[in-house]
Amino acid sequence: MAVLAFFGLHWYLSLFTQSFFHHRYAAHRQFTMKKGWERVFYVLSFLFQGSSYLSPRAYAVMHRMHHAFADTEKDPHSPQFDANPFSMMWRTRMVYNRIFNKAAQIDPKFVKDVPDWAGFDKFASNNVIRILWIGVYVAVYLLLDAHWWLFPLILIHAVMGPFHGVIINWFAHTIGYINFKMKDTSRNLFPIDLLMWGEGLHNNHHKFSGRANFGVKKFEFDPLYPIIRVLAWAKVVELRKTAE
Ligand SMILES: [Zn+2]
Ligand SMILES: [Zn+2]
């Protein structure tokens with residue numbers, strides 16, 4: 001039980017930083033925050049994503065390309081151009097690395113206003129640090145006296161961030177329902193998305209990428225949106241007028 005609670009905690013905290021900080025803030029600028037808070041969320045992303053820490057800058061650039069080129073040959077990840085989720089994950093990793101290492105020619109519009117803390121990204125993305133994090137996950141499992149058959153879950157802990165990415169980028173582009181007819185294949189996985197912090201309402205998000213609330217219809221619920229509203233009320237973030 002304790003192991004599954006730890007797995008759940010890692011799942012939701014890691015995805016929270018990816019959805020809130022990398023996706024809605026860094027890539028889409030649905031809200032702004034002061035430099036100090038930005039740094040706080042960098043550190044939280046490192047603590048919660050651990051071995052699979054993603055650079056907010058590289059993530060944001062790649063994700064903007066996904067929206068601009070969705071389901072075309074230039075899309076960094078698309079079930080239309082990848083044979084299965086694993087090959088898509090691999091190609092995404094290659095594109096991400098080229099952006100991270102600044103080895104790719106990037107249209108300036110994809111880089112505009114993205115947060116950039118190069119020193120921290122370099123530290124958090126270091127392979128020794130990533131391996132130490134995996135050691136932490138193994139240690140937690142040993143401390144919690146996990147059954148041997150639960151240990152394979154550590155593979156998911158190790159790649160938690162990209163694992164969430166694949167769920168959305170593959171399944172929310174192949175299964176689910178459509179509210180808005182788009183040129184791309186985006187779909188909504190669940191109307192009440194308690195599993196993916198609202199990211200599953202992906203067809204809505206492709207339609208209104210500047211909107212902070214991914215729920216559009218009355219019966220849809222994006223659990224991250226009330227949290228953004230609370231953070232806006234507490235003056236941690238400032239919601240853009242167009243994002244409400
Ligand atoms: Zn998409
Ligand atoms: Zn997006």
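Owing to the predicted nature of the structure, the values given are computational and were not obtained by experimental measurement. Atoms within a ligand are numbered from 1 in the order they appear, just like the ligands themselves.
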Contact check: H205 to the Zn ion (ligand 1), N/O/S below 2.8 Å: no
Residues H23 and Q18: side-chain donor-acceptor under 3.5 angstrom: no
Side chains of N179 and N203, donor plus acceptor under 3.5 Å: no
Polar side-chain atom of R57 near backbone of V111 as donor-acceptor pair, under 3.5 Å: no
Residue H206, metal the Zn ion (ligand 2), N/O/S under 2.8 Å: no
Any N, O or S atom of H67 closer than 2.8 Å to the Zn ion (ligand 2): yes
R24 charged N/C atom sitting above F21 aromatic ring, 6.0 Å / 45°: no
Residue H66 atom name (nearest to the Zn ion (ligand 1); N/O/S): NE2
Angular separation of H23 NE2 and H28 NE2 about the Zn ion (ligand 2), given to 10°: 100°
From E38, K35, H22, residue fulfilling side chain to side chain contact (heavy atoms under 4.5 Å, CB included) relative to P115: E38
